There are 2 protein chains.
Amino acid sequence: MRRQRSTKQRKLVYDTVQALRDHPTADEIYLTLRSVEPKISRGTVYRNLNLLTENGEVRHVAMPDADRFDWRTERHYHLRCTQCGAIVDAPMPYRAELDSQLAQDTGFQVRRHHLVFEGLCPACLQQNAEGKDQA
Amino acid sequence: MRRQRSTKQRKLVYDTVQALRDHPTADEIYLTLRSVEPKISRGTVYRNLNLLTENGEVRHVAMPDADRFDWRTERHYHLRCTQCGAIVDAPMPYRAELDSQLAQDTGFQVRRHHLVFEGLCPACLQQNAEGKDQA
DNA sequence: ATGGGTGCAAAGTGTTTGCAAGTAT
DNA sequence: ATACTTGCAAACACTTTGCACCCAT
């Protein structure tokens, strides 16, 4: 059977996800990490992110631009600004009852759901308002 | 100002999305289309899917494997089987109040949300049960 | 006749993988 | 010593794009 080793790189990837709490992409994690461990490779970052996700130590968040990673491992929702791309956690509890309700209604075994809100963040709204004044 | 022309290819792409009601990918649409219009190119299919989406004539559905397209244009939720990849519409109404509630709570201007359930479809559940009997 | 659209192929992006060398156990 | 892991680069999968020709208006 295969046993997972504890390597410096894996620890660094984990620590970086914990440190960067703004839902970084694999590449952002890689770039951050490179200043600490210049020889680390993208492949290693991707592989470790996948391993850590399987282990449940970090959480994978699929976004339209790229896969992102989240230090929070409990299920929760996200809110994305379609203008600047910022992603924040939505202050809204996970509604597990939706899963069981849908299971009842469809015959599927529903494991979970992903909920992503889209809109404009306060900063972008403000910026747009200023831009309009000038125009 | 730019005016959109009506071309044979655009009509074919639209008709194919309407005909394939199982949330096809761009490539599936391309392959289907090729039997009718052998010289059509992937680029044209992608371009027209993007145009039709902007026009609101079809709906774009982001899924982990690829972008998919939906003949239903009203907002609705999806249910994906993580085993066979099937995607079906979730029999659950769009909850617009979540958008306004989150807007209140965060200061974002929330335009919409995407909700995707994940689980196992009845067919895969059945198949797994049979497999287990044999093992 | 204009300028948007098409077909083709090349280029882009994000992610995975084959391989030989390195290293945790 | 064993076999998991790494670094590197090539390979992948999906999508976009440059360009010359075509065609709807």
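Being a predicted model, the structure only gives us computed values, none of them experimental. In what follows, chains carry the letters A, B, and so on, assigned in the order in which the sequence lines appear, proteins first and then strands, with residues in each chain numbered from 1.
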Whole angstrom is fine here: how far is it from [atom1] in [X] over to [atom2] in [N]?
X	N	atom1	atom2	answer
B/Leu31	D/dC14	CG	P	11 Å
B/Arg3	D/dA24	CZ	C1'	9 Å
A/Lys8	C/dT23	NZ	C1'	11 Å
A/Arg5	D/dA1	CZ	P	15 Å
B/His60	D/dT16	NE2	C1'	13 Å
B/Glu37	C/dG7	CD	P	7 Å
A/Leu52	D/dT5	CG	P	11 Å
B/Met63	D/dT15	CE	P	13 Å

Categorize [X] for me: base, sugar-phosphate, or nothing, with a 4.0 angstrom heavy-atom threshold over every strand shown.
X	answer
A/Ser6	sugar-phosphate
B/Asp67	sugar-phosphate
B/Asn50	sugar-phosphate

Q. How long is the gap from OH on B/Tyr77 to CG on A/Leu115, to the nearest 0.5 Å?
A. 7.0 Å

Using OP1 and OP2 only, check whether a side-chain N or O of [X] sits under 4.0 Å from [N].
X	N	answer
A/Arg10	D/dT5	yes
B/Ser41	C/dA9	no
B/Tyr46	D/dT15	yes
B/Thr44	C/dG7	yes
A/Thr25	C/dG14	no

Do [X] and [Y] sit within salt-bridge range, that is, some charged N less than 4.0 Å from a carboxylate O?
X	Y	result
B/Asp99	B/Arg111	no
A/Arg72	A/Glu74	yes
A/Arg112	B/Glu118	yes

Q: Please check if the side chain of B/Arg34 supplies one atom and the backbone of B/Ile29 the other of a donor-acceptor pair under 3.5 Å.
A: no

Q: Starting from the 5' end of DNA chain D, give me the residue, B/Asp27 or B/Gln4, whose nearest nucleotide shows up first.
A: B/Asp27

Q. Which one, D/dT16, C/dT2, C/dC19, comes nearest to the side chain of A/Arg47?
A. C/dC19

Q: Let me know, please, whether A/Gly43 or B/Gln9 comes out on the 5' side of the other along DNA chain C by nearest nucleotide.
A: B/Gln9

